[in-house]
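Numbered from 1 within each chain, the chains take letters A, B, ... in sequence-line order.
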Amino acid sequence: MEERYQPELVEPKWQAYWKENHVFKVTEDPSKEKYYLLEMFPYPSGKIHIGHVRNYTIGDVVVRYKRMKGFNVLHPMGWDAFGMPAENAAIDNNTHPAAWTYDNISAMRVQLKKMGFSYDWDREIATCRPEYYKWEQWLFLKMLEKGMAYRKESYVNWCEKCQTVLANEQVEQDKCWRCSQTVQQKKLWQWFFKITDYAQDLLVHCDQLPGWPDKVTVMQKNWIGRSVGSELKFKIDGRNEDIVVFTTRPDTVFGATFMCLAPEHPLVESLSKGNKQQDEVAAFVQKVSRQERSAEGLEKYEKEGVFTGAYCINPATEQKIPVYTANFVLMEYGTGAIMSVPAGDQRDFDFARKYGLDIRIVVQPEGETLDANTMSEAYTGAGIMVNSGEFNGLDSKAAMDIMTDWLEQKGRGKKTISYRLRDWGISRQRYWGAPIPVIHCPDCGVVPVPEADLPIRLPEEANLLAKGGSPLSTLAYFATVTCPECGRQDAKRDTDTMDTFVESSWYYLRYCSPRYDDGMFDPKAVRYWAPVDQYIGGVEHAVLHLLYSRYFMRVLHTLGMIDFKEPFTRLLTQGMVCKETMTCPEHGYLFPEEAVKTADGNLVCTRCNQDVAVGRVIKMSKSKKNVVDPNELLEKYGADVTRLFSLFAAPPERDLEWSEDGVEGSNRFVNRVWRLVLEWLEKIEDSKPFAGPASDLSSEPAKALYIKANQTIQKVTEDIDKSFHFNTAISAVMELVNEMYAIDAEATDTEMKTVIRFSLENILLLLSPIIPHFCEELFERLGKTGSILEHPWPDYRKDSLKTDEVLVVVQINGKLRSKFTMGVGAKEAVIKEMALADEKIKKHMGDKPPKKVIVIIKKQTLVNIVV
RNA sequence: GCCUGGGUGGCGGAACUGGUAGACGCAAGGGACUUAAAAUCCCUCGGAGAUAAUCUCUGUACGAGUUCAAUUCUCGUCCCAGGUACCA
């Protein structure tokens, strides 16, 4: 007998077996219930890291479990292959994004195969292949045709020195990450998808996704950000023109003492024109245009604004109020203009104090009297209306509707709904992406590429460092085309590529028929497999990717291509695997292996020997280099121990700071099971597994073990099926294994052997989704034929889960004072009597009589005596 | 800033709809086996204090509250992570 489990022999053997027998290949089979499990596909960044291992192990366990439960399971894998890192790597390593990407895919595929994941590799896709993005271009054309895609001017980060567009990630404290030039904002014509058309539908269905974690639907709801309010018109003083604002607090309109416009608001320029503030306003707009536009970036800037020199008329008070432009007003939200009520909004309050503007109190909190001169902060709550003409004395909540109606009658307002959600900008001025299939003709304007010309292939030539914006625009043979409508020779192709979120918004449908050539997908295959039953991926995608995917399914639904709207029936958001970052003053971010400890305990860079700074613990990502490659673990312990350990470390939804401490324990456990099975192998050769109720067993040890084994089956099944808490499932099996180690092999009778056989077989079945190679091997040695995958998942006997005794816990004033066991099913009064008669309890109570005795008989039996 | 989570021994974590805090592991210490080592097996292991076995107090980021009973519910504070629309 081999003393130890040898993964280097066992794992390749079974991987070959699965491959030869096409165990994971699936086709549509109407006779079986389908189950589509998908893990978020990886970006091919180089090597897989522990975060991938964790994600894909979780999925693989569920897949193998479902397969044993009799489902026809689709479990595909592919590559989210377009994206910016490929361009950066190509520049840094003087290679081509495609070469870099395909090399990474090959390397990562090998790693995934070594992990023993049960993918149907025949369905593999890579989004950078024309066969894939052709259909995305096709969909773009459909959306264009239906008015779901449109063009407008919008801002990008721009580095004047590099003459290039920068992603938010490439902007570090307002500076270009390559040259440290201050980043500017540049207006470009870009394509947008009208996701806002579906804002309401996306929002209401958040409450109809019972298989999603609440936190994700809450985040999506907040992201969509529906608010009910009013659109109010403020007439511009001296002009026959209005400024329209959106407000959620129409009740405070009498308190609007000034107006703020977004710096990009079209009226800003014309309002300030000819005023003495004109230059100051222009300078301010210029200054703000250099500021970052991301939400987190905006917060870094001090809230400020300038007076435009113009006034408008408050429709309630009919008084003139000054119009400002301010950097905290967003053009994208509402109408790009806000009425400022300093008494009722903290930001407005700060602004008013800063610039000496009027504060007019219109809502008084009950039982208090605010004074505009002395108040130190805005009062944002509800209260009684004051200084509001005929509405004084009203409750402010009731006033909202009443005042909006009043303004509507005056033609100055109406009720409206506003969403925070913005349309999805999909144009990217980058090379490594799917070209947008549109031609710009000087005569015909925007002309869609004829469907027959699809795919518009990405040219092989990659001018990544070309100056002036989109790399593709520098390739004349690509950029200049004949107009398909009028035949003009000098029409221009759109040289932008699509956001990579477009690819990931529909790839799960492509997996249903990955080689289909007549459309995005084969409708028959999608009808069978879709939607995805269980989706698993990092919680960092809670909003963008998951919302875009939901949107895309609505688009396809509207186009009549599918008959469902929600892509993912159940969602498991896995916590992130985190690790500290390390930076060297010279070489920037370092991989873990690039920092070594010196004799005096300092961390230094392996290349320059300078001290390394240890940063915060954040999610693993290639760009921050805080990644751990699983190869070392794989080589030392094999795939199964790596899988077991990554699951045992924490429940899936929890974030995890990566540490390898503890992997020895997983390895030890695997070997404990190995020895346990081999030790019993011959002794139980002729025994059949026991199958009756526990009450049929004559010996107490046999009964106890049988009950424990049944409890374990129940626990593991529920942990996998209901909560995905694999760590506690593994603990439960460990407990059973520990009990089996306590059995005296010499003093074992025939009956016991049948229970041992039952327990061992079930241990292997229960562990097989987690450590499949190992279990296949031992199952075979137990004399079973075929793959363990083909065996049904075990059932437990409901009549064999409980022992005849129950533990009674006795507390006095909530503190544990005594415990005893008694026969199961005792009446409340008997338990109470026993508890009061207990020696320890008597001692504790002395001669004080109990005020109250509470007896709980649920899962626990507990008595609490209140003295 | 805003939205969403999280915080339990030296460490990873457990405790199901409020009911024995620390399951299962790791690390550490002690012991057995061995010529020795590895492997394996057994014991101890939140803190403080008293003891012959045993017992008492205290303890789930911090501060309040609700309750017979709070890691769990409510309010407030601190810290950490994710997202924040061009990282994927």
For this session: Considering just the side-chain nitrogens and oxygens of A:Lys858, establish if one lies under 4.0 Å of OP1 or OP2 belonging to B:rU17.
Result: no

Problem set entry | Phosphate-side-chain proximity, A:Arg430 and B:rC86, N/O vs OP1/OP2 below 4.0 Å | no

For this session: Give a yes/no answer on whether the side chain of A:His844 brings an N or O atom under 4.0 Å of OP1 or OP2 in B:rU56.
Result: yes

Problem set entry | Listed nucleotide nearest any side-chain atom of A:Tyr43, set B:rA88, B:rU20, B:rU4 | B:rA88

For this session: Please determine if a side-chain N or O atom of A:Arg654 lies less than 4.0 Å away from the OP1 or OP2 oxygen of B:rG6.
Result: no

Exercise. Contact class for A:Trp424 vs. all strands (heavy atom < 4.0 Å): base, sugar-phosphate, or nothing?
Worked result: nothing

Problem set entry | Contact under 4.0 Å: A:Arg817 side-chain N or O vs B:rC55 OP1/OP2 | no

Exercise. Using a cut-off of 4.0 Å on non-hydrogen atoms, how would the nucleic acid contact of A:Gln190 be classed: base, sugar-phosphate, or nothing?
Worked result: base

For this session: Ignoring backbone atoms, establish whether A:Lys622 has a side-chain N or O less than 4.0 Å from OP1 or OP2 of B:rA88.
Result: no

Exercise. Looking at A:Asn738, does any N or O in its side chain come under 4.0 Å of the phosphate oxygens OP1/OP2 on B:rG25?
Worked result: yes

Problem set entry | Any A:Asn168 side-chain nitrogen or oxygen under 4.0 Å from OP1 or OP2 of B:rU84 | no

Exercise. Taking only side-chain nitrogens and oxygens of A:Arg428, does any of them come within less than 4.0 Å of OP1 or OP2 of B:rA88?
Worked result: no

For this session: Flag the pair A:Phe648 / A:Phe669 as yes when their ring centroid distance falls below 6.0 Å, and as no otherwise.
Result: no

Exercise. Parallel under 30°, tilted from 30 to 60°, perpendicular over 60°: which one fits the rings of A:Tyr507 and A:Tyr535?
Worked result: tilted

For this session: Would you please confirm or rule out a distance under 4.0 Å between OP1 or OP2 of B:rC41 and any side-chain N or O of A:Arg675?
Result: yes

Exercise. If you measure from the Lys or Arg side-chain nitrogens to the Asp or Glu carboxylate oxygens, is any gap between A:Asp92 and A:Arg178 under 4.0 Å?
Worked result: yes

Problem set entry | side-chain N/O A:Arg422 vs B:rA85 OP1/OP2, d < 4.0 Å | no

